[in-house]
Structure formats: C-alpha cells, structure tokens
Number of protein chains: 2
Amino acid sequence: MEKYRRSKLRNRILEILRETGSHPHADWVYDKLKKEYPRLSLGSVYRNLSILTEQGMIRKIDFGSSFDRFDANTTDHYHFICENCGSIIDLKLPIDKTLEDRVNQRTNFKTKNHKIQFYGICENCINP
Amino acid sequence: MEKYRRSKLRNRILEILRETGSHPHADWVYDKLKKEYPRLSLGSVYRNLSILTEQGMIRKIDFGSSFDRFDANTTDHYHFICENCGSIIDLKLPIDKTLEDRVNQRTNFKTKNHKIQFYGICENCINP
DNA sequence: GTTCATGCAAATCGTTTGCACAATG
DNA sequence: CATTGTGCAAACGATTTGCATGAAC
C-alpha cells in the first residue's frame with residue numbers, strides 16, 4: 001500500500017537538494033531544473049517538495065506557522081512552542097552566550113546572536 | 001524630527017500585545033479590536049505592527065525570510081544564518097540535550113526537542 | 001486500464017499598497 | 001496648513017488546487 005509512485009522528477013529534486021549544502025527555496029529548485037525539464041512547472045516543484053517533506057526525506061525550515069507572529073517582549077528570551085495547542089510561550093531561562101563561543105571556536109564565522117525554540121507539550125496540555 | 005505621530009490605534013495595539021502573554025497574528029489583533037473600532041481595517045493593523053516593529057516596541061517572530069526553505073539534511077543540527085548574504089549553513093556542533101533539561105527543571109512543560117539558529121557573519125562575507 | 005504525476009492556469013491567502021479623507025501637531 | 005494615519009479596495013507574491021493529459025504499474 002504505497003501512497004506515492006516513483007517519479008523521476010521527484011528523485012531529481014531530492015538529488016539536487018542533497019547536492020547543494022544550501023537551503024533553497026522552491027523557486028531556486030525550479031530554476032535549477034528548468035533546463036533539464038523545459039516544461040517543468042513551479043506547481044510540480046511545490047507538490048514534490050511537500051511530498052518529500054511528508055515522507056521525511058527533506059525538512060522544511062520554519063516555525064510551523066506560516067504567518068507572522070508578534071511579540072511585545074523585546075528583551076532577549078527563548079521560546080517554547082507547544083506541539084499540541086500551537087501556542088508560543090516566553091521562557092525565563094537565562095541567555096547562554098557560551099553557545100555562541102562554541103560556534104566561534106569551531107568555525108570561521110563571527111556569531112553575534114542566537115535564538116532557541118524548544119518544542120514539546122505545555123503545562124495546560126499536560127493537565128487540561 | 002519625529003518620524004511618526006501619535007496614534008490612538010497604534011497605542012491600543014501595543015497595549016493589547018503587552019497584555020497578552022501570547023504571540024498573536026495580525027488577524028487576532030484585528031478581531032480583538034474590531035468591537036472597539038468597528039471601522040477598523042486589517043491593513044491598518046498590519047501597518048501599525050510594522051511601525052511598532054521598526055520602532056523596536058515589538059518583535060516579529062520569524063527567520064527573516066518570508067518564503068519556505070528546504071533542507072535535505074534530516075539529521076538534527078543547528079543552523080547558522082549569515083546576516084550579510086542571507087545564506088543558511090548547517091553546523092556540525094553536537095546537539096546539547098542538557099538545554100532541554102534546563103527548561104524541564106524550571107517549568108512544568110515536557111520538552112522533547114529544540115532548534116537553535118545562530119546569527120552573524122559567515123566566513124565568505126568576512127574574507128571576500 | 002486504473003491510478004497517480006504533471007503542466008497549465010486560475011484560485012487562495014497572508015500581507016502590502018494607492019488613494020481620498022480624517023486626525024495630528 | 002502641512003503632514004501623517006486611516007478605511008477601503010485593489011494589488012502582490014508565495015503557495016495551492018482543479019482539470020485534462022501523460023506516465024507508472
């Protein structure tokens with residue numbers, strides 16, 4: 001009971017994504033494959049990216065929600081995102097700047113800042 | 001040389017955002033204020049949220065880029081985001097599960113996972 | 001041959017923008 | 001009065017979807 005058939009295009013999209021170290025947009029994939037598949041449509045790229053994501057072959061980089069959220073707490077803080085109810089909660093945890101040191105020691109990047117999101121189940125959803 | 005005048009609506013939006021601990025969408029703010037301002041338009045909400053963000057009174061919670069990005073590396077890893085060229089780079093840094101312990105100790109949440117994004121300047125942009 | 005994948009174009013949806021009028025200073 | 005804020009509706013841009021045709025099995 002396979003849900004999806006084999007598709008050359010889908011395999012190729014996965015290949016392309018694996019070859020590049022970057023984290024491209026659908027558009028970039030489309031441009032990259034347009035020469036190879038002159039009749040390629042952007043819709044098919046989106047469809048296949050979504051199937052590959054569902055299959056766990058690739059990941060979408062985002063916060064889960066597709067639209068903008070705003071936060072009146074402008075001091076630096078980490079976020080907890082409840083996987084059940086979707087709410088985002090500010091954490092009182094102190095900011096750990098040593099994490100940035102770890103990056104600076106192991107790479108040639110200059111890190112200035114970082115954000116953390118924790119995922120799990122919030123208090124309200126554990127004890128309703 | 002003030003850039004913006006005082007606006008009752010904008011003050012009210014800021015108030016609403018400060019009152020709630022959550023991190024609402026524009027839509028939620030709109031619904032919340034619709035009774036108070038029956039002629040309110042969603043456009044004005046967006047405009048004011050954007051002004052408040054520019055003024056540093058509130059923050060937008062996002063990755064900076066407005067469209068979806070995909071990652072063929074499905075093993076857990078942290079990301080480095082270059083503030084100059086915008087590229088997102090996978091880090092080889094080990095995942096630090098003790099961070100989740102810190103959350104679990106101080107809250108009643110059950111944390112299962114976390115993501116980190118580091119922001120700064122990448123190697124290529126430091127030495128072009 | 002039946003079912004899923006594709007190209008194409010139209011639809012969708014969150015967000016932005018142009019305009020005429022109201023509010024601010 | 002000069003300029004910014006607002007409501008309204010239209011525009012925008014990334015993504016999704018419906019439909020007819022082509023590929024997979």
Side-chain angles (χ1 to χ4, degrees), chain A residues 1-17 22-71 86-88, chain B residues 1-17 22-71 86-88:
Chain A
M1 60 164 286
E2 294 291 328
K3 193 167 179 187
Y4 301 107
R5 297 187 174 166
R6 209 169 291 162
S7 139
K8 289 175 185 171
L9 177 57
R10 186 151 60 243
N11 287 342
R12 201 67 191 88
I13 289 176
L14 182 55
E15 243 176 63
I16 292 267
L17 279 175
S22 76
H23 303 68
H25 313 136
D27 221 50
W28 184 92
V29 176
Y30 173 76
D31 287 343
K32 198 93 179 173
L33 284 173
K34 189 65 179 174
K35 299 144 202 162
E36 209 169 314
Y37 297 80
R39 326 209 56 185
L40 182 63
S41 78
L42 196 50
S44 299
V45 174
Y46 275 108
R47 240 183 314 238
N48 281 312
L49 287 172
S50 142
I51 291 172
L52 288 169
T53 304
E54 187 189 333
Q55 294 177 326
M57 310 294 283
I58 63 174
R59 287 193 186 171
K60 207 179 196 171
I61 306 183
D62 62 3
F63 273 91
S65 119
S66 71
F67 28 92
D68 294 347
R69 308 186 78 132
F70 297 88
D71 192 344
S87 68
I88 300 184
Chain B
M1 63 162 285
E2 294 291 327
K3 194 168 178 189
Y4 299 107
R5 296 185 177 168
R6 207 169 293 163
S7 138
K8 288 175 187 174
L9 177 56
R10 185 150 63 244
N11 286 341
R12 202 64 192 90
I13 290 177
L14 181 56
E15 242 176 62
I16 292 267
L17 279 174
S22 78
H23 303 67
H25 311 137
D27 222 48
W28 184 92
V29 175
Y30 174 76
D31 287 343
K32 198 91 179 172
L33 284 174
K34 189 65 179 176
K35 299 143 202 163
E36 211 167 313
Y37 297 80
R39 327 208 56 184
L40 182 63
S41 77
L42 196 49
S44 298
V45 173
Y46 275 108
R47 239 182 315 234
N48 281 311
L49 286 171
S50 141
I51 291 172
L52 288 169
T53 304
E54 187 190 334
Q55 293 177 325
M57 309 295 285
I58 63 176
R59 286 193 186 173
K60 208 178 195 173
I61 305 183
D62 62 5
F63 272 92
S65 119
S66 72
F67 27 92
D68 294 347
R69 308 186 80 130
F70 296 89
D71 192 345
S87 67
I88 301 184

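Note on naming: letters A, B, ... go to the chains in the order of the sequence lines (proteins, then strands), and numbering restarts at 1 for each one.
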Open item on the list: For the backbone of A:R5 and the side chain of A:R10, can you confirm whether one donor and one acceptor N or O come within less than 3.5 Å of each other?
Closed with: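 At least one qualifying donor-acceptor pair exists.
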Task: Backbone N/O of A:I61 and side chain of B:R69: donor-acceptor pair under 3.5 Å - done: no
Task: Closest-nucleotide 5' rank along DNA chain C - winner of B:D27 and A:S7 - done: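 The 5'-side residue here is A:S7.
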TODO: Map A:K8 and B:A26 onto DNA chain C by nearest heavy atom, then report which one ends up closer to the 5' terminus.
DONE: A:K8
Starting the side chain at C-beta, find the nucleotide from [options] nearest to [X].
X: B:S41; options: C:dG25, D:dG7, C:dT6; value: D:dG7
X: A:L40; options: C:dT17, C:dG14, C:dG7; value: C:dG7
X: B:R47; options: D:dT6, D:dA14, D:dC19; value: D:dT6
X: B:R5; options: D:dT4, D:dT6, D:dA14; value: D:dT4

Can you tell me how far [atom2] of [N] sits from [atom1] of [X], to the nearest Å?
X: A:L42; N: D:dG13; atom1: CG; atom2: P; answer: 14 Å
X: B:F67; N: C:dG14; atom1: CZ; atom2: C1'; answer: 15 Å
X: A:K60; N: D:dA14; atom1: NZ; atom2: C1'; answer: 11 Å
X: B:Y46; N: D:dC8; atom1: OH; atom2: P; answer: 17 Å
X: B:R6; N: C:dA23; atom1: CZ; atom2: P; answer: 17 Å
X: B:I51; N: D:dT6; atom1: CD1; atom2: C1'; answer: 11 Å
X: B:R10; N: C:dG25; atom1: CZ; atom2: C1'; answer: 14 Å
X: B:Y37; N: D:dG5; atom1: OH; atom2: P; answer: 15 Å

- [ ] Give one of base, sugar-phosphate or nothing for B:S44, where a contact means two heavy atoms less than 4.0 Å apart.
- [x]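 B:S44: base contact, heavy atoms under 4.0 Å.
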Open item on the list: Taking any heavy-atom pair under 4.0 Å as a contact, classify B:N48: base, sugar-phosphate, or nothing.
Closed with: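 Since only primed, P, OP1 and OP2 atoms lie under 4.0 Å of B:N48, the category is sugar-phosphate.
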- [ ] May I ask you to test the A:Y4-A:N48 pair for a side-chain heavy-atom distance under 4.5 Å?
- [x]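 A side-chain contact under 4.5 Å is absent here.
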Open item on the list: Taking the side chain as everything from C-beta on, heavy atoms only, tell me whether A:V45 gets closer than 4.5 Å to A:Y37.
Closed with: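 The answer is no; the side chains never approach within 4.5 Å.
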TODO: Have a look at B:E54 and tell me which of B:R47, B:K3, B:K60 forms a salt bridge (Lys or Arg N to Asp or Glu O under 4.0 Å) with it.
DONE: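 So, applying the salt bridge (Lys or Arg N to Asp or Glu O under 4.0 Å) to B:E54 and each of B:R47, B:K3, B:K60, only B:K3 qualifies.
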Open item on the list: Determine whether a donor-acceptor pair (one donor, one acceptor, N or O, separation below 3.5 Å) exists between the side chain of A:R39 and the base of D:dG22.
Closed with: no
